[in-house]
Each structure stands twice: as structure tokens, then as C-alpha cells.
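Below is one structure, written out as C-alpha cells; the observations come after it.
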Amino acid sequence: MTNYDIGIDLGTTSIIIAVADEGVILNESSVVAYDTRKNKVLAVGDAALAMVGRTPSYISAIRPLKDGVISNHTLTKELISSFVKKVYNARMMKPRVAVCVPAAITGIESDAVVEAVVSAGARQVFLIDEPIAAALGSGLDILQPDGRMIVDIGGGTTDIAVISLGGKVLSAGLAVAGNTFDEELIKFVRQKFSVAVGQRTIETLKKEVACCPQKDFSASMETKGRSLITGLPQKITITTQDLYEPILPLVEQISTVAHQVLEKTPPELAGDIYRNGIMLTGGGSKLQGLPEYLSEQLKVKVELSPDPINCVALGTAKCLSMGEQLESGFVNATPRLGR
Ligand SMILES: Nc1ncnc2c1ncn2[C@@H]1O[C@H](COP(=O)(O)OP(=O)(O)OP(=O)(O)O)[C@@H](O)[C@H]1O
Ligand SMILES: [Mg+2]
């Protein structure tokens, strides 16, 4: 029945669905467009993302998961239901579903997620912690008595965990992640160039131009925005070197928390991590030069996951076939709903 095991990464930025034997089958933005006059959902996913910043006042394009927590239950359910139904409809059997939920969400919030998955047609629902899923999806054998450290930099949160014997030994999180980089870059460009630029342009700048100084990389991008002085459209050229200023304090914060986790790690496991290195996962970890920067700060080898964006969904789908072997961070949530 493994064909019907589905893994869902319910992320702040995107919702990614994977099937154990097939890989990723859906990747859409975690956005819902809502008509406040008619109290009706107009679009979900990428279709809703295309509306961000372009809607009339009565339509809101909302990210129902914000900073790693569920800020709008109803719309989160809408988001899950529509994509899960879309995936199920293509299949005959009711699937078993594992969902990776943000680490900071509460029991009540995760109940709402489980309910949405069940009402969309799941036979059983399991919840898995993001670092465990990220490690599995990055191809790490986490069942061995061998310490592994995962740093998952998503859109809303960065989760850092030490894993051994299929369970989480210790973990920490911070609200500095991909979205924070975007916000800080927007502020920086306003201050330094007196130009207001849109969120999408900034995200492209982050992906294509920004870099930590440890890496020998240099790029520039001609960016269009609105001058804060004249109010008219203006072109500016932004370089990698310009962006060191806003990027460095952010990567420093991530490094500090990773350092604190290493300090608290029991010596045997710390030794393992020294040997195995740290695995970076999540879209935010694709920032140029980040492995080199963290490696220099933490004096440990740092490696980027083979598939940083999809590894959580892939690992979530995979965990269903190895459920009993996972010590913690993996629970059958179906009984909560009295099934
Ligand atoms: N090449 C890149 N360089 C820098 N950042 C990137 C790159 N590609 C994607 N990102 C960033 O990764 C973030 C999304 O990562 P991911 O898909 O792992 O988040 P998520 O799982 O939805 O969020 P969370 O785990 O916090 O709920 C976005 O902020 C995006 O801008
Ligand atoms: Mg994530």
C-alpha cells in the first residue's frame, strides 16, 4: 500500500506534497485569495499568489501560516483541503497521510490540520517534526546511534535540531528565516537607495545577488522601484557587496543559535556532529555562501541538502514506511479524532 502514502510539508511559504514511490507531485504557494464581501475563497496556491499586491480592497491574498504558526485556521483548512483533494482525486484508494507541521504550532492548531486532512479523504493521519522529515528527505540514516545536526531555514522559521537513534535529542528555533531576509532587504534598499521595491523583486535579488562574504561570488542586478524622493519609477543597480550589510546580522543570528545548540549537545553526539558535519535544509539555506559562512563560524563541515526545498515533503512521505522505528517526532494523530 506504500503507493498511497502521502507526505505533506505544510510550510509558511509553500505546501509541497510527495508520494513515497514517486517523489514530489505538488508544489504550490501557501496563499489563499479571499473575497471579504462574499466570504468566499477565490483561489488557492500559485493562482492566489499571482494576486498578491494586485487585488481590489475587498479581496485579500492571505498567507494563513505566518512566521511558522497558523494565523488563520479556516483558510489553512481551505488550503490543505483543496490540494489534498486534488491529489487524492487522481487516485482510487484513501491514502495514509503524514503531515509536517511547523514546530511552534499548538495541539489545537495541529488538530485543525488533522481534521482538514481527514475530511479531505485520508484513511490515517500522522504528524512529523520538520527536522526529522528534513533529515530523512536528505538521505540521512537517522536510525543509527550517530548524532546528526539539521539546520532547516524555511520561510517563517529556522529550526535547529540534533537527531540520533530516530529521535530528536535537542532543538531550538528562531523566527529569522527567508521572509526576514526579504523584509530586511526591502528596508535596506529603502534606506540606502531611497527606492521602494516590491517583495518579488527583492526575493529575486536575494536568490541571485545576495551572498555571505566567505564565498568568492559577485553579481549585480538592475532593480526597478519607486523613488521615495520623486515618487516616480527609478532604476538602481544593486551588487552582492551592497547586500553584505543587511545579510550579515541575519546569518549571525542563525549561527549564534546553532552555536548554543552545539554547546548544549552531549559530548558523544558533539563528536559525531564534528565528524558528520551539519546538514542545511529549507529554501533559505540556498542563500549563496551560507555553508561556507556557517562552517567558518562553527568550525564544523556544513553541507547543503541534495534537495533543500523538497526534502521535508520527501522525508514526510518516507516516514510512513518506517513509523515504529522513529523514536519521537512522529505521532499517529488519527485517534485524536476518535477514529
Ligand atoms: N536560492 C535561494 N536563495 C535564498 N533563499 C531562497 C532560495 N530559494 C528559496 N529561498 C527562500 O526559501 C524560503 C522558502 O523556503 P521553504 O520552502 O523551505 O519554506 P517553508 O517550508 O514554506 O517555510 P517554514 O519551514 O518556515 O514553514 C523563501 O523565503 C525563499 O525566498
Ligand atoms: Mg519548511
Side-chain angles (χ1 to χ4, degrees), residues 7-18 24 26-31 45-46 49 52 63-71 76 79-80 83 99-105 109-110 113 127-138 150-161 171 173-186 198-212 215 217 219 221 240 243 246-247 250-251 254 279-294 304-316:
I8 303 176
D9 172 10
L10 185 61
T12 307
T13 311
S14 46
I15 173 165
I16 305 181
I17 303 186
V24 169
L26 182 140
N27 181 346
E28 296 253 358
S29 307
S30 303
V31 182
D46 293 346
L49 179 71
V52 170
R63 289 191 177 273
L65 294 121
K66 201 170 180 292
D67 301 333
V69 295
I70 295 180
S71 57
T76 300
L79 190 72
I80 299 172
F83 289 129
V99 191
C100 174
V101 288
I105 82 166
E109 287 170 343
S110 60
V113 171
L127 295 174
I128 183 162
D129 277 359
E130 192 153 13
I132 302 265
L136 283 173
S138 300
I150 300 289
V151 177
D152 180 84
I153 309 173
T157 55
T158 292
D159 295 296
I160 300 171
S171 62
L174 66 160
V176 171
N179 297 343
T180 330
F181 281 74
D182 296 347
E183 286 155 18
E184 291 303 313
L185 290 180
I186 287 179
Q199 210 257 327
R200 286 182 181 211
T201 309
I202 281 292
E203 198 180 355
T204 310
L205 193 70
K206 173 181 73 174
K207 291 180 181 172
E208 292 178 10
V209 179
C211 181
C212 298
K215 189 170 172 178
F217 172 84
M221 192 173 113
T240 302
L243 299 181
I247 292 288
L250 299 173
V251 291
I254 294 174
M279 177 68 82
L280 289 186
T281 64
S285 67
K286 290 178 76 180
L287 178 75
Q288 300 263 5
L290 193 58
E292 291 86 346
Y293 170 79
L294 289 176
L304 186 62
S305 166
D307 194 347
I309 292 186
N310 293 322
C311 63
V312 171
L314 295 171
T316 305

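Quick note: residue numbers are just sequence positions, from 1. No hydrogens, no waters, no symmetry mates; every other heavy atom, side chains included, goes into these values. Order of listing sets the numbers, starting from 1, for every ligand and every atom in it.
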Under 4.5 Å between any side-chain heavy atoms of [X] and [Y], yes or no?
| X | Y | value |
| --- | --- | --- |
| Val312 | Ile16 | no |
| Thr201 | Met221 | yes |
| Thr316 | Ile8 | no |
| Thr12 | Thr157 | no |
| Glu130 | Ile150 | no |
| Ile80 | Val99 | no |
| Leu287 | Lys215 | no |

Below 3.5 Å, N or O to N or O, backbone or side chain included: is there any such pair between Gly284 and ligand 1?
yes

Under 3.5 Å between any N/O of Asp182 and any N/O of ligand 1: does that happen in this structure?
no

Nearest to [atom], what protein heavy atom do you find, and at what distance?
| atom | answer |
| --- | --- |
| atom 23 (O) of ligand 1 | Gly155 N, 2.9 Å |
| atom 1 (N) of ligand 1 | Lys286 CB, 3.5 Å |
| atom 8 (N) of ligand 1 | Lys207 CE, 3.4 Å |
| atom 18 (O) of ligand 1 | Gly283 N, 2.8 Å |
| atom 14 (C) of ligand 1 | Thr13 OG1, 3.6 Å |
| atom 26 (O) of ligand 1 | Gly156 N, 2.9 Å |
| atom 24 (P) of ligand 1 | Thr12 OG1, 3.5 Å |
| atom 25 (O) of ligand 1 | Glu130 OE2, 3.0 Å |

Specify side chain, backbone, both or neither for Gln288, according to which of its non-hydrogen atoms lie closer than 4.0 Å to ligand 1.
neither

Is the contact between Glu203 and ligand 1 made by the side chain, the backbone, both, or neither, using heavy atoms and a 4.0 Å cut-off?
side chain

Mark the output for Ala177 as yes if a heavy-atom distance to ligand 1 is under 4.0 Å, and as no if none is.
no

Against ligand 1, does Glu208 come closer than 4.0 Å with any heavy atom?
no

Hey, looking at atom 17 (O) of ligand 1, which of Ser285, Ala313, Ser14 has the closest heavy atom?
Ser14

For atom 28 (C) of ligand 1, which of the options Gln199, Lys66, Arg63, Lys206 provides the nearest non-hydrogen atom?
Lys206

Interfacing atoms of ligand 1 (cut-off 4.0 Å, heavy-atom, [X]):
| X | value |
| --- | --- |
| Gly11 | 20 (P), 21 (O), 22 (O), 27 (O) |
| Leu287 | 3 (N), 4 (C) |
| Gly282 | 18 (O) |
| Gly178 | 29 (O) |
| Thr157 | 26 (O) |

Of all the heavy-atom pairs spanning Ala219 and Glu208, show the shortest one and how long it is.
CB-O, 3.8 Å

To the nearest 0.5 angstrom, please state how far the [atom1] atom of [X] sits from the [atom2] atom of [Y].
| X | Y | atom1 | atom2 | answer |
| --- | --- | --- | --- | --- |
| Leu243 | Cys212 | CG | SG | 11.0 Å |
| Cys100 | Ile128 | SG | CD1 | 7.0 Å |
| Thr204 | Lys206 | OG1 | NZ | 9.5 Å |
| Glu203 | Leu185 | CD | CG | 10.5 Å |
| Phe83 | Ser30 | CZ | OG | 8.0 Å |

In the protein, N/O/S atoms that are found under 2.8 Å from the Mg ion (ligand 2), waters not counted:
Glu130 OE2

Is a donor on one side and an acceptor on the other found under 3.5 Å between the side chain of Thr180 and the backbone of Ala175?
yes

Verify, without hydrogens or angle tests, whether Asp46 (side chain) and Ser29 (backbone) share a donor-acceptor contact under 3.5 angstrom.
yes

Would you say the side chains of Ser305 and Ser138 form a donor-acceptor pair under 3.5 Å?
yes

